[in-house]
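The model shown is predicted, which means the values in this text are computed figures rather than measured ones. In the text below, chain A, chain B and the rest are named by the order of the sequence lines, each starting its count at 1.
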Amino acid sequence: MPQRQYITTAIDYPNAAPHMGHVLEKVLADVVTRWKRLSRDAKKFPKAEDAVRFQIGTDEHGVKIQRTAEKEGVTPKELVDRNVPLFQDLYGRLQISYDAFVRTTDKKKHWPTVQALWEKLNAAGKLEKRSYTGLYCSGCERFMTKKDLEDGKCAIHKAAPEEVTEENYFFTLSKDAAWLKTLLTEGMKKGGYQIVPDFRANETLSLIEQGLEDVSFSRPKSSLAWGIPVPGDEDHVMYVWCDALTNYISGLDYFGAGGISEVARHERTGDVSRLGVEWWDDAEVTHVIGKDISRFHALIWPAMLKAAGVRTPDRLLIHGFLTSEGEKMSKSLGNVVVPQDVIEKYGVDPLRFYLSHEVPVGRDGDFSWERFEELYDSALRNKLGNLLNRVLILIQKEGGEIINIEKFKYGSDDMYWNPGKEWADNSTSYWKVYSEAFSEFKLNSALEIAVNLMVIGNGRIDDLKPWSLSGPDKIKMLSAFAELLRHISLMLLPFIPETAQRISRQLNVPYVEKMLEKDFVITDEMKQWGSQKKWKKVGEPEILFPKVE
RNA sequence: CGCGGGGUGGAGCAGCCUGGUAGCUCGCGAGGCUCAUAACCUCGAGGUCGCAGGUUCAAAUCCUGCCCCCGCAACCA
């Protein structure tokens, strides 16, 4: 992974408080990001911030915000200013390690970038002003889609919508079908725009086969006031796509339109900012999004960039949705799970663990309290916490000293005295499988490897009964178990960073205090069995995860 | 014939591409152990792999048809 990595999530719509779906996406992206930082080439990138940039944000315009604000008797700006911190606070608590947060109401960088992009699209002849006719419900004050209608009537107002014609700027996506097909087909091999998981790529390709329609990119100001004005046409405001998608480059002030000092224009590219060159032109770009907006990211976004003469992203990582107790989360069903409730009851890491463990990237997952408790008890409390506890207590009973397991000689009965031998022989392959799982974005598989090591550890302790030994033999054997836990802790680091550090602190490994620093790297040495020569003593055992009633 | 995903012991999944004793996690039952957070370990019960055909010495795995569930179908993470 020699290249810089730029990772983004979709920007959230803050018309209400954040829910579990928002959290899922951020956690997945954060785990990926943390792994990229932890596994970077430290010689090339001593500082993590030079190797990885992780951006999230909020999409604050649109009719829905406008209407929610009216309902609550505040201005749209007041509404978003009140709600956006809810997202930021929650993500802060969840240890989402983002480097940048873009708000689409930001007029310093976002607006100018969006307007610059619009102008480029316009100059390229990709925007056409046309009249658009649709079914408009005056009660809802918006155009209806087929889904909104019941027997041809608005489901809320029980009235037939009227045909209304208005002027829109259209983005001529229909003309990009052939080019997009090539881009995505190449992406399935390499060099194009890769969609993960690949069945989503097939899905998108078949969408192209069905034919692409032009996309409405603007609304008359009369029907949408809360948005970015169309340059050169005061009567029109941009519709979501040009505004929201552009956040991925506006956070870099890509066109240097913000004119602020940190983005001194780059001599090579003329009008591209320094950040734009570093994190877009010369980086590997990964967008993490939900399946609902895949087509916009897979089709419209690259087509926009191409028209503007900007390179296309490298990868689209699409996650599924989270159901609740087996059903779609919805207010009417009353099964909406509030992230804060989970955090309060169990803590941040159990939630991060659950989401990483239960929701394979790409597929839908389910949140159920029952399953949550099950996983909390079985994996975190019983397997992990108990393994740590029993090993540490046994060592403490012998005075807390451990020996460097690399020092003992392997003899004929070595498997008995040094249970670590079999892991030592395999530690490289464990780490290899783990890394490979990450490179394929199979996060749950990577996590599973750590869990498997816990199971192996517990099994071996029972086989070997270290408590029945005494003296140096006992210490030898226990030292190997401590070493196993050190590896487990490192593997857990991208997923549940705080817990990983707590484990290492109880183990008292030398690098423990640096583990949560952004610049920390899991070195090849750390992955090696018995590599921590300075590690001589373990710390005091503590309960890692208490029983929750 | 709109598109896509899926149907494997009680639950959730892997296996299917590259046919050859049906595997994992959780739950359940019985035993064991006692270092540990009533934890941990072992063994066991439980499946005609959606249905029906076909190919083959052999199919969960390949082919054909059908049934059922779930998403998406243009602006809901």
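- Near RNA chain B, meaning a heavy atom under 4.0 Å from it, residues 387-397 of chain A has A:Asn389, A:Arg390, A:Ile393, A:Leu394, A:Lys397 in order of number.
- With sequence neighbours left out, A:His22 forms a ring-ring contact (aromatic ring centres under 6.0 Å, His included) with A:His19, A:Phe87.
- B:rG4 atom C1' lies 15 Å from atom CD1 of A:Ile208, rounded to whole Å.
- Scanning for ring-ring contact (aromatic ring centres under 6.0 Å, His included) contacts around A:Phe495 gives A:Phe438, with sequence neighbours left out.
- Only the C1' atoms considered, B:rA58 is 36 Å distant from B:rC1, to the nearest whole Å.
- For A:Trp301 and B:rA74, the CH2 to C1' distance is 19 Å, given to the nearest whole Å.
- We find that CG of A:Leu212 is positioned 20 Å from P of B:rC72, with the value rounded to whole Å.
- Atom pair A:Tyr346:OH and B:rU37:P shows a separation of 20 Å (rounding to whole Å applied).
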Whenever both distances are under 3.5 Å in a Watson-Crick or G-U wobble pair, mark it; put RNA chain B into dot-bracket that way, with [ ] for crossing pairs and | when the partner is on another strand.
.(((((((.[[[[.)....(..]]]].(((((.......))))).....[[[[[..)....]]]]])))))).....
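- Partners of A:Phe441 according to the ring-ring contact (aromatic ring centres under 6.0 Å, His included) rule, which considers only residues two or more places apart in sequence or in another chain, do not exist here.
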Distances for protein N or O near nucleotides 23-25 of chain B N or O, under 3.5 Å:
from: B:rU25; atom 1: O3'; to: A:Lys383; atom 2: NZ; distance (Å): 3.2

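- Under a cutoff of 6.0 Å and an axis angle of 45°, A:Arg219 and A:Tyr239 form a cation-pi pair.
- If you find the closest nucleotide of RNA chain B to A:Ile543 and to A:Leu207, the one lying nearer the 5' end belongs to A:Leu207.
- Sparse packing is recorded around NZ of A:Lys221, with 12 or fewer heavy atoms of other residues, nucleotides or ligands lying under 6.0 Å away.
- Candidate nucleotides B:rA77, B:rC35, B:rA74 were compared by shortest atom distance to the side chain of A:Glu213, and B:rA74 ranks first.
- Comparing A:His22 and A:Glu374 by the nucleotide of RNA chain B that holds the closest heavy atom to each, the one mapping nearer the 5' end is A:Glu374.
- Qualifying ring-ring contact (aromatic ring centres under 6.0 Å, His included) partners for A:Phe54, counting only residues two or more places apart in sequence or in other chains: none.
- Residues that satisfy the side-chain contact (heavy atoms from CB on, under 4.5 Å) test with A:Glu401, not counting sequence neighbours, are A:Lys537.
- For the C1' atoms, the distance linking B:rC35 with B:rC40 amounts to 10 Å, nearest Å.
- On a pure distance criterion of 3.5 Å, a polar donor-acceptor pair joins the side chain of A:Asn386 and the base of B:rA36.
- Sorted by first and then second residue, the ring pair (Phe, Tyr, Trp, His ring centres under 6.0 Å) pairs with a member in residues 448-474 of chain A form an empty list; sequence neighbours excluded.
- When each of B:rC75, B:rC35, B:rA77 is scored by its nearest atom to the side-chain atoms of A:Phe321, the top-ranked nucleotide is B:rA77.
- In this structure, A:His297 atom NE2 and B:rA74 atom P are separated by 19 Å, rounded to whole Å.
- Between the CD1 atom of A:Ile461 and the P atom of B:rG32 there is a distance of 21 Å, rounded to whole Å.
- A straight line from CH2 of A:Trp467 to P of B:rG32 spans 16 Å, rounded to a whole angstrom.
- A distance-only check finds a donor-acceptor pair linking the side chain of A:Tyr6 to the backbone of A:Tyr248 [under 3.5 Å].
- Across all strands, A:Gly459 comes closer than 4.0 Å only to sugar-phosphate atoms, never to a base (heavy-atom distances).
- A donor-acceptor contact shorter than 3.5 Å links the side chain of A:Thr104 to the backbone of A:Glu60.
- Across all strands, A:Asn382 comes closer than 4.0 Å only to sugar-phosphate atoms, never to a base (heavy-atom distances).
- Salt-bridge annotation for A:Arg352 and A:Asp30: present, with a side-chain N of the basic residue lying under 4.0 Å from a carboxylate O of the acidic one.
- The side-chain ring of A:Tyr13 is not stacked on the base of B:rA77, judged by centre separation under 5.5 angstrom and plane angle under 30 degrees.
- Distance noted for atom P between B:rA45 and B:rG23: 12 Å (whole Å).
- A:Phe372 has its ring centre less than 6.0 Å from the ring centre of A:Tyr346.
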Got a list of protein N/O to nucleotides 13-18 of chain B N/O distances below 3.5 Å?
from: B:rA14; atom 1: OP1; to: A:Arg363; atom 2: NH2; distance (Å): 2.3

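- Ring geometry for A:Phe367 against A:Trp369 counts as perpendicular: the plane angle is over 60°, on a 0 to 90° scale with 30° as the lower cut.
- B:rU42 sits 42 Å from B:rG53 when the P atoms are compared, rounded to a whole Å.
- The pair A:Glu70-A:Arg67 does not meet the salt-bridge criterion, since no charged nitrogen lies less than 4.0 angstrom from a carboxylate oxygen.
- Applying the salt bridge (Lys or Arg N to Asp or Glu O under 4.0 Å) test to A:Asp214 and every residue at least two apart in sequence or in another chain returns A:Arg130.
- Closest approach to the A:Phe296 side chain among B:rA77, B:rA73, B:rC75 is made by B:rC75 (side chain taken as heavy atoms from C-beta onward).
- Spacing of C1' atoms, B:rG6 relative to B:rC51, comes out at 16 Å, to the nearest Å.
- Using C1' as the reference atom, B:rC62 and B:rC72 are 29 Å apart when rounded to the nearest Å.
- Across the P atoms, B:rU34 and B:rC41 are found 16 Å apart, a figure rounded to whole Å.
- For residues 388-397 of chain A, the pairs satisfying side chain to side chain donor-acceptor pair (under 3.5 Å) are A:Arg390-A:Asn458, A:Arg390-A:Asp462, with sequence neighbours left out.
- Here the P atom of nucleotide B:rU37 and the CD atom of A:Glu373 are 22 Å apart, to the nearest Å.
- For the C1' atoms, the distance linking B:rC57 with B:rA52 amounts to 23 Å, nearest Å.
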